[in-house]
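First up is the structure itself, then whatever we jot down about it.
Naming: A, B, ... by sequence-line order, numbering from 1 per chain. Remember, it's a predicted structure, so these values are computed and weren't measured experimentally.
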Protein chains: 2
Amino acid sequence: MATPLSPTTKGAKARTNWVTMEDVAIRAQVSKITVSRVLRAPEKVRAETRERVLAAVRDLGYVPDDAAGALTTRSSKIVAALISTLEGSTFASTVDGLSRNLRAAGYQLLLATTDYSPEREAEILSMLLRQRPDGLVMTSSHHTADALALLKRAQIPVVELWELPPKPIDSSVGFSNFGAGKAMTGFLLDRGYRRPAFIGPRAGIDGRVKSRSEGYAAVVSERAAFPPRIITAPEAVTSLTDGGASGLVTALERWPDTDCVFCSSDSVALGAISEARRRNLRVPEDIAVAGYGDFDLAGNSGLELTTVRIAGTEIGERAAELILQRMQGERPQHKSIDVGFEVVPRASA
Amino acid sequence: MATPLSPTTKGAKARTNWVTMEDVAIRAQVSKITVSRVLRAPEKVRAETRERVLAAVRDLGYVPDDAAGALTTRSSKIVAALISTLEGSTFASTVDGLSRNLRAAGYQLLLATTDYSPEREAEILSMLLRQRPDGLVMTSSHHTADALALLKRAQIPVVELWELPPKPIDSSVGFSNFGAGKAMTGFLLDRGYRRPAFIGPRAGIDGRVKSRSEGYAAVVSERAAFPPRIITAPEAVTSLTDGGASGLVTALERWPDTDCVFCSSDSVALGAISEARRRNLRVPEDIAVAGYGDFDLAGNSGLELTTVRIAGTEIGERAAELILQRMQGERPQHKSIDVGFEVVPRASA
DNA sequence: ATTGACAATGTTACCGGTAACATTAAGAAA
DNA sequence: TTTCTTAATGTTACCGGTAACATTGTCAAT
């Protein structure tokens, strides 16, 4: 009995709520293309016409459909970001900087997290590519063959963040994790610690942590008289702070003369410090602790954590600049930007 | 002299790199629509044909263009998120949970941050809407008239996060900030503190903080014999921890008998504790400190911060569920989900 | 008056998918 | 055998924009 749908009469379609460019055109008594010009190249339209169109845009509350436009312009105005994790605040400020600067240029950020899994990365990547992003940023360094194939076919600018891969896919903004590991280890030896150990999270979860530990190992091999001492938390431990606590225990069991631990992140360091306190070990007199990242609380919390400062926000901002240049077809001067790092000496080591 | 462009011959266009559905169709010797069916309703296609199409998809590495499809289906498979900030880790876990659950259902997350500015919010919103998201989540509570008008016209499900607005735009997932403020204040009075003050960040930056302070004020008015003591950091102070430090100083100057401060966030509490230590005040004997948020470090860092725990990840996950239901046209049982909160007593208060 | 150049605007086709309807083939029911 | 039904696949038009080319009007130069 019910009429199936209002018959597709010319004048009475409107099965959607969105005001279209055609609606604007009719109201302003011009053609669609003129509306398009007013929005994208206003100088090509006579001032009077332009005003009429803009008034119609305002009156109707017209919001252009970028997805429709992208079909012909081949530019979605979307940048996709593949981030290892947002927990722990490591990458949060990078995403913030990225999103802010991209938006200023009219681009939007499509975000996905991989939980450090390269397999998931490939899968997520293919989902992201369905939106045809104009560019891609990613924090991971290790990619599956599938992922690389997808990236290659996509033919879009790619920026890898938070490290400077020896063989970048395309371009990168970061710093040398190896160098930072070396620098902190050297700093600790200079301070007079003789038996530093390295504490990381679950084995092999992250290439960057590996690089740091290699930096540590390089310096120890060169300047110290013992083999590198590297602890990774057992699979069962998921929290970074718990990993730090258990790592400290393991280190002291295995090598009782350990006088200093260099942790893969500030959160891990925090766990180590808590554990030290539980055992009535003084920091740094009985056991020194160094972290990595210089998160908010490293200096303010009474922790006085010696750590390595990374300019997370700057990485995001520079990445935005770089990828914007690349998307506009410019060939930037540098395909790799080194934002550096800084050893921050405080009281914990 | 140079040929302008390869003439648009039927067979030799390919001005883009992307494999299209038509390419797949040709290779599988079927029509486009059959390819479409294989991907979206496989049971409607004969097994043999289906295999041929899937093989072509694999061989060519076809990735569908969701933006093109959205034109007719009117579903972009995008959910937009307007987040106040990613710094400080408050909302990071919510975004993580949100993104994870949305992706599992084939939706992508388009992310933008507002820095707590309602004006920026409206502007950013109109940019986000250009991508025609199927749904929207937002952490802010206060919206400009422009923003509300845009939302209304967009006619998409909206979920407000981290609070339960008395007059929600659409639906919400959160908890009562007022209630949490009341609960913590009551807890502090029960513990025997007589003169609690409230320390917040810059005035009026965030409606949620305001609600908490009102909860505090309500309990103080009812149970204590003095007017509420609310400190807000001066405009110049940007960091939350600095605000906590300066807030403690102000509180003690203005009301020397203050024996306890309830801080608007854990970061603020951290600043207050640091300042107390600098002044050789014992926590909690000389001055007790309570926080809000229960971030990672509240319990693990030796801070032993008494605080209010909020299930940030759960908010994100539930929000994803809720908005997915709404986008699929279901009418969920509850338009508001209260995830609650929990006062976590530790040593600092 | 004619022509050319340019400014302002319009027409047509197409981007890559999908909805709606059309067609074809094969088997079941009459 | 004829007709109906259903399964499998195809055709056409359209979604909301933009590129490319076409048209019209205006004015200066010939």
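- A donor-acceptor distance shorter than 3.5 angstrom exists from the side chain of B:Thr94 to the backbone of B:Gly312, with no hydrogens or angles considered.
- Rounded to 10 degrees, the angle separating the terminal helix axes of the helix from C:dA1-D:dT30 to C:dA30-D:dT1, each built from five base pairs, is 60°.
- When the nucleotides C:dG16, C:dG10, D:dG17 are ranked by their closest atom to the side chain of A:Val30, C:dG10 comes out on top.
- In this view, B:Thr90 satisfies the side-chain hydrogen bond (donor to acceptor under 3.5 Å, both in side chains) rule with no residue, not counting sequence neighbours.
- Within the structure, salt bridge (charged side-chain N to carboxylate O under 4.0 Å, His left out) pairs that include any residue of residues 32-47 of chain A comprise A:Arg46-A:Glu48 (at least two apart or interchain).
- At a threshold of 4.5 Å between non-hydrogen side-chain atoms, the residues B:Ile169 and B:His143 count as touching.
- Rounding to whole angstrom units, CG of residue B:Asp65 and C1' of D:dG16 are separated by 14 Å.
- With sequence neighbours left out, the side-chain hydrogen bond (donor to acceptor under 3.5 Å, both in side chains) criterion links B:Glu314 to B:Arg318.
- Atom-to-atom, CD of B:Gln131 to C1' of D:dG17 comes out at 13 Å; the value is rounded to the nearest Å.
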Polar pairs (N or O, both sides) under 3.5 Å between protein and nucleotides 22-27 of chain C?
none

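- For the contact set between residues 40-54 of chain A and DNA chain D, defined by any heavy atom under 4.0 Å, the members are A:Arg40.
- Among pairs with a residue in residues 53-63 of chain A, those fulfilling salt bridge (charged side-chain N to carboxylate O under 4.0 Å, His left out) read A:Arg27-A:Asp59, at least two apart in sequence or across chains.
- Comparing D:dG17, C:dT18, C:dG16 by their nearest atom to the side chain of A:Met21 picks out D:dG17.
- One atom, NZ of B:Lys77, and another, C1' of C:dT18, lie 14 Å apart when rounded to the nearest Å.
- For A:Arg52, the salt bridge (Lys or Arg N to Asp or Glu O under 4.0 Å) test picks out no residue, with sequence neighbours left out.
- For B:Tyr107, the ring pair (Phe, Tyr, Trp, His ring centres under 6.0 Å) criterion is met by no residue, not counting sequence neighbours.
- Comparing D:dT18, D:dG17, D:dG10 against the side chain of B:Ser31 picks out D:dG10 as the nearest.
- The side-chain hydrogen bond (donor to acceptor under 3.5 Å, both in side chains) pairs that include a residue from residues 128-138 of chain B are A:Asp66-B:Arg130, B:Ser75-B:Asp134, B:Ser76-B:Asp134, where partners are two or more places apart or lie in different chains.
- With hydrogens and angles left out, the side-chain atoms of B:Ser172 and B:Ser336 include a donor and acceptor closer than 3.5 Å.
- When distances run from any side-chain atom of A:Lys32 to the nucleotides D:dG17, C:dT18, C:dC15, the shortest one goes to D:dG17.
- With rounding to whole Å, B:Asp23 atom CG is found 11 Å from C:dC15 atom P.
- Listed by first and then second residue, the salt bridge (charged side-chain N to carboxylate O under 4.0 Å, His left out) pairs that reach into residues 149-168 of chain A are A:Glu163-A:Arg208, sequence neighbours excluded.
- Applying the 4.0 Å criterion to OP1 and OP2 of D:dT18, one finds that A:Ser36 has a side-chain N or O inside that range.
- Note on B:Thr34: a side-chain N or O is less than 4.0 Å away from OP1 or OP2 of D:dG10.
- An OP1 or OP2 oxygen of C:dG16 is reached within less than 4.0 angstrom by no side-chain nitrogen or oxygen of B:Tyr62.
- Between B:Ile33 atom CD1 and D:dA8 atom C1' there is a gap of 13 Å when expressed in whole angstrom units.
- Checking D:dG10, D:dG16, C:dG17 against every side-chain atom of B:Thr72, the shortest atom distance belongs to C:dG17.
- In this structure, B:Glu22 places its CD atom 9 Å from P of C:dC15, rounding to the nearest Å.
- Within the structure, ring pair (Phe, Tyr, Trp, His ring centres under 6.0 Å) pairs that include any residue of residues 144-167 of chain B comprise B:Phe91-B:Trp162, B:Trp162-B:Phe175 (at least two apart or interchain).
- The nearest whole Å value for the distance from the CG atom in B:Asp66 to the C1' atom in C:dT18 is 13 Å.
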